[in-house]
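Values reported hereafter were calculated over all heavy atoms of this structure, with side chains retained and with hydrogens, waters and symmetry mates removed. In this text the structure is predicted, and so the values were computed from the model without any measurement.
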Amino acid sequence: PTVHWPGGAKVALNLVLNYEEGAENCLLHGDGESEKLLSEIVGAGAIAGQRHANMESLYDYGSRSGFWRLHELLLRKNVPCTVFAVGMALER
């Protein structure tokens, strides 16, 4: 079928922001060990009974700064966006 996008556009983009920071394992949240998966730290392992400062700092950036920087940019540029979010991350 022939598609006619608004303004004669040739390309349509669907921007989806994935928000997960805050749902990882962390002793502060009552978990028994630190996060060990889904990280850029090669070979990271869980630390039972101790906080993992490096792992926590990766996740903290996303929830404290990264998300909000993207949010403000998208608002300023009037770009619509869908957010896929983990409920626990939003609660925290």
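Put simply, CD1 on Ile47 and OG on Ser34 are 4.5 Å apart, with the number rounded to the nearest 0.5 Å. Note that CG of Leu13 and SG of Cys81 are 11.5 Å apart. Values are rounded to the nearest 0.5 Å. Separation of atoms CG (Leu70) and OH (Tyr19) is listed at 11.5 Å; rounding is to 0.5 Å. Interatomic distance, CE of Met88 versus NE2 of His29, reported as 9.0 Å (0.5 Å rounding). Note that CZ of Phe84 is 11.5 Å distant from CD of Glu20, once rounded to the nearest 0.5 Å.
For the 3.5 Å distance criterion, the side chains of Asn54 and Glu56 fail to qualify, holding no donor opposite an acceptor.
Annotation: side chain of Leu17 is not in contact with side chain of Thr82 (no heavy-atom distance under 4.5 Å). Two residues are said to be in side-chain contact when any heavy atoms from C-beta on lie closer than 4.5 Å; Asn25 and Met55 fail this criterion. For the pair Glu40/Leu58, a side-chain contact is recorded, criterion being any heavy-atom separation below 4.5 Å from C-beta on. With a 4.5 Å cut-off on side-chain heavy atoms, Arg76 and Leu74 do not count as touching.
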- Leu28 vs Arg51, side-chain contact (heavy atoms from CB on, under 4.5 Å): CA-CA, chis, key distance, verdict: CA-CA 8 Å; Leu28 296 176; Arg51 294 177 65 187; 3.4 Å; yes
- Does the salt bridge (charged side-chain N to carboxylate O under 4.0 Å, His left out) test come out yes or no for Glu72 and Arg69, once each step is laid out? CA-CA 5 Å; Glu72 290 170 9; Arg69 289 178 66 188; over 6 Å; no
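When every heavy atom of Cys26 is checked against every heavy atom of Asp31, the shortest pair comes out as N-OD2, 2.9 Å.
A distance-only check finds a donor-acceptor pair linking the side chain of Trp68 to the backbone of Ser63 [under 3.5 Å]. Side-chain atoms of Glu24 come within 3.5 Å of backbone N or O of Gly22 as a donor-acceptor pair.
Using cut-offs of 30° and 60° on the angle between ring planes, the pair Phe67 and His71 is parallel.
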